[in-house]
There are 2 protein chains.
Amino acid sequence: MLRYCSSGSDSKLSRKPSQLTHLARRESEPGAGPKARDKALRLHGTIARKLGISIVSGRFKPGDLLNGEIASSEQFAVSRTAYREAVRILAAKGLVDARPKVGTRINAQSEWNLLDPDVLDWTFESEPDLQLLNSLFELRNVVESAAAGMAAKRRSAAHLKAMRAALDGMATHTLATEAGRQADLDFHTTLLTATHNPFIISLTNGVNAAIRTTTIFKQRERPLRRDPLPDHMRVFEAITAGEVGKAERAMSELIELARIDTPASKRRPRKRGR
Amino acid sequence: MLRYCSSGSDSKLSRKPSQLTHLARRESEPGAGPKARDKALRLHGTIARKLGISIVSGRFKPGDLLNGEIASSEQFAVSRTAYREAVRILAAKGLVDARPKVGTRINAQSEWNLLDPDVLDWTFESEPDLQLLNSLFELRNVVESAAAGMAAKRRSAAHLKAMRAALDGMATHTLATEAGRQADLDFHTTLLTATHNPFIISLTNGVNAAIRTTTIFKQRERPLRRDPLPDHMRVFEAITAGEVGKAERAMSELIELARIDTPASKRRPRKRGR
DNA sequence: TCATAAAATAACTCAGACAATATTTCAGCA
DNA sequence: TGCTGAAATATTGTCTGAGTTATTTTATGA
C-alpha cells in the first residue's frame with residue numbers, strides 16, 4: 001500500500017496551511033565532501049526531486065495517475081503553485097505527462113530522458129541497480145572511447161598542454177584527495193573539449209558526473225584496486241601521437257578499469273541470456 | 001488505475017458560478033503564429049519553446065540576464081504564473097538558472113542538455129546549422145553502430161521477426177509514404193530494444209526523432225539519392241548471423257548514407273582544423 | 001446506430017499579495 | 001583608512017482563491 005501521504009508526518013497544522021512552518025531543510029551536511037550537490041534547492045525543486053525519485057525508483061509505475069493538484073499539494077503541504085512547478089520540471093524531463101481532464105500520468109520508461117543529469121542523479125540516488133549501472137558504463141565505454149579517437153585527430157597543442165598538466169596534478173596529489181580528483185576531471189573535460197563535438201561533451205559530462213558521485217559515495221568502503229594513472233598516460237600518449245585506434249583502445253581499458261572499481265558492480269554481467 | 005493515497009478528500013464545496021468578469025483576453029492569433037508541430041502546447045509550453053529557440057539559436061547569449069518576471073510576462077502578454085512555469089522548463093533542461101535577487105541567467109552551452117528531445121527540436125527548428133548537424137550524425141554513428149553490435153549479440157527470435165516484418169514494410173511501401181517511414185522507424189526501434197540498454201534506447205530515440213523531422217522537413221526539395229533498403233538488409237543479416245563487427249560496420253554505412261542524404265549537410269566537413 | 005450536444009472534471013491561467021534570498025550599501029569601529 | 005556586520009533593496013519564490021479551457025464522458029436526437 002504505497003502512499004506518500006504525510007499521514008504520519010509531523011504536520012503541526014491539520015488543515016489551513018496559512019503560515020506553514022519551515023519544512024525540514026536539508027542544508028546541514030557539514031561534511032567536507034564536494035559541495036556539488038549543494039544547490040540550494042527551492043521548494044519546487046525538492047518536490048520534483050522527491051517525485052522524480054519515486055518514479056525512477058519504481059514506486060510509482062508508468063501508467064499510474066498522480067493525485068490531483070489540490071490533493072497532492074496538500075499532501076506535500078505546499079501551495080498548488082509550487083507543486084505545479086515541480087510537475088512542470090518532471091514533464092520537461094519526460095517523466096510525466098499532464099493533461100486537462102485526464103490528470104498527470106507517469107510516462108513509459110521509453111519516454112524518460114534517462115540521460116538528463118537530474119534523472120541520472122535520482123536514478124542512482126537510492127539504489128545503484130547493478131544492471132543499470134553496467135548499462136551506463138557500456139554507453140560510456142562506447143562514447144568516450146570514440147571521443148578519445150576524435151581527440152587524437154583534432155586536439156590542439158593547448159589541449160595537449162592542459163592534459164599534461166592534469167596528469168601531473170593526478171600524479172602529485174593522489175585520487176584520494178580532492179585536488180587529485182579535480183585533476184582527473186580536468187583531464188577528461190579537456191579530452192572532451194578536444195573532440196569539438198558539443199553533443200558528446202554534453203552527454204559525457206552528465207554521465208560522468210553521475211558515475212562520479214556514485215563512485216565517491218561508495219569509495220570509503222575500500223580503496224582503489226589499481227592505480228589509474230598509467231592507463232591515463234597511455235590514453236594521453238596515443239592522443240599526442242595522433243593514433244586513433246590506440247587512443248580508443250586505451251580509453252576503453254581505462255573505463256573498464258573504472259567499472260570494475262565501482263563497488264556496486266563487481267562482477268561482469270556475462271549471463272546476458274535471452 | 002490505482003491511485004496513491006486515500007481519495008477521501010473530495011471536497012466539493014459549493015462553487016457558485018458568480019457573474020463572470022471578462023478578463024483581459026490575449027490576442028487570438030489567426031493561425032499565423034505557433035502551431036503545427038506541437039500537440040496542443042499550452043501557454044507555458046509555447047513560451048518555453050519561444051524562449052528556448054531564442055537561446056539555442058544564439059539570439060540570447062550565455063551570461064545574459066532575462067528580463068524580470070513582471071516585465072517578461074507583460075511582454076508575452078501572459079500571467080507571471082505561466083511565464084514562471086516556462087522558465088522552470090528551461091531551467092530543467094539546463095538552459096537557464098534562476099536565482100533570487102540575481103535574475104534568470106542564461107547558462108553556458110556546456111550546461112545545456114543538448115540531447116534533450118525538446119532542445120534538439122529547438123536547435124534544428126530554425127537553422128539546421130551544418131556543423132552541428134554533422135556533430136549529431138557523428139554521435140549517432142558512434143552510438144548506433146555499437147547498438148547494432150550489441151543487438152547482434154543479444155537479439156531474440158522475436159526481435160528478428162519484428163525486424164524482418166519492418167523490412168518487408170519498407171519494401172512494399174516506399175520511404176516516400178508514411179507507412180514506409182513508420183516501418184523504418186519500427187526497424188530501428190526494434191534494433192534498439194534488442195540492445196537491452198535503456199540509456200542507449202533513450203538517447204537514440206531522441207536523436208533520431210530530431211534528425212527525422214529535419215530530414216522530412218527538407219525532403220521535398222529532392223528525392224533520396226539512394227535506396228536505403230539494401231543497407232538495412234545488410235544490417236539485418238549481420239544481426240541475424242550474430243556477427244558483431246559486421247553489424248557495426250553495416251550500421252555505420254547506413255548512417256553515413258543517411259547523413260549524405262540529409263540536405264543541409266551535403267559536403268563532408270574535412271576541414272576540421274585545430 | 002451514429003452523430004451531435006451537454007455535462008463533468010482535471011489541469012490551466014489569472015491576479016495580487018507576501019516571503020525568502022542574495023547583492024549592495026553603508027554605518028560603526030579598530 | 002580599512003574592515004566587519006547590519007540594513008536597504010531587488011529579484012525570484014511562494015501563497016491564496018478565483019475563473020478558464022481542454023478533454024472525456026454522458027445524454028440526446030435523428
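Sequence lines set the chain letters: A, B, ... in the order given, protein chains first and strands last, and positions in each chain run from 1. Hydrogens, waters and symmetry mates are skipped; everything else that's a heavy atom, side chains included, is used.
Applying the 4.0 Å criterion to OP1 and OP2 of C:dT13, one finds that B:S79 has every side-chain N and O outside that range. Residue B:R84 places at least one side-chain N or O under 4.0 Å from the OP1 or OP2 atom of D:dG13.
The CD atom of A:E69 sits 14 Å away from the C1' atom of D:dA18 (whole-angstrom rounding). If you take CG of A:L65 and C1' of C:dA10, they are 10 Å apart, rounded to a whole angstrom. Look at CG on A:L43: it is 20 Å from P on C:dC18, rounded to the nearest Å. The nearest whole Å value for the distance from the CD1 atom in B:I47 to the C1' atom in C:dT13 is 11 Å. Rounded to whole Å, the distance from OH on A:Y83 to P on D:dT16 is 17 Å. A:L41 places its CG atom 15 Å from the C1' atom of C:dA20, with the value rounded to the nearest Å. When rounded to the nearest whole Å, the span between CD of B:E85 and C1' of C:dC12 equals 8 Å. Here D:dC15 presents its C1' atom at 14 Å from CD of A:E74, a figure rounded to the nearest Å.
Distance from the side chain of B:R42 is smallest for D:dT23 among the nucleotides D:dG13, D:dT23, C:dA22. In this structure, of C:dA15, D:dT11, D:dA22, it is D:dA22 that holds the atom nearest to the side chain of A:K101. For B:H44, whose side chain is taken as the heavy atoms from C-beta onward, the closest listed nucleotide among D:dC15, D:dG13, C:dC12 is C:dC12. Of the candidates C:dA15, C:dA11, D:dT11, the closest approach to any side-chain atom of B:P100 belongs to D:dT11. When the nucleotides C:dT23, C:dC14, D:dG13 are ranked by their closest atom to the side chain of B:V102, C:dT23 comes out on top.
Comparing A:G103 and A:T81 against DNA chain C, the residue whose closest nucleotide sits nearer the 5' end is A:G103. Both A:G45 and A:R99 lie near DNA chain D, and the one whose nearest nucleotide falls closer to the 5' end is A:G45.
Using a 4.0 Å heavy-atom distance criterion, B:R105 is classed as making no nucleic acid contact.
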| request: List the steps and the verdict of salt bridge (charged side-chain N to carboxylate O under 4.0 Å, His left out) for A:R88 and A:E85. | output: CA-CA 5 Å; A:R88 199 57 55 222; A:E85 292 190 4; over 6 Å; no
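Legend: salt bridge (Lys or Arg N to Asp or Glu O under 4.0 Å) pairs involving residues 184-203 of chain B, not counting sequence neighbours, sorted by first then second residue: B:D184-B:R212.
The shortest distance between side-chain heavy atoms of B:I47 and B:H44 does not fall below 4.5 Å. A heavy-atom distance below 4.5 Å is found between the side chains of A:R49 and A:D121.
No hydrogens or angles considered: a donor-acceptor pair under 3.5 Å links the side chains of A:H188 and A:E144.
Side-chain atoms of B:R80 come within donor-acceptor range of the base of D:dG13, with a qualifying N/O pair under 3.5 Å.
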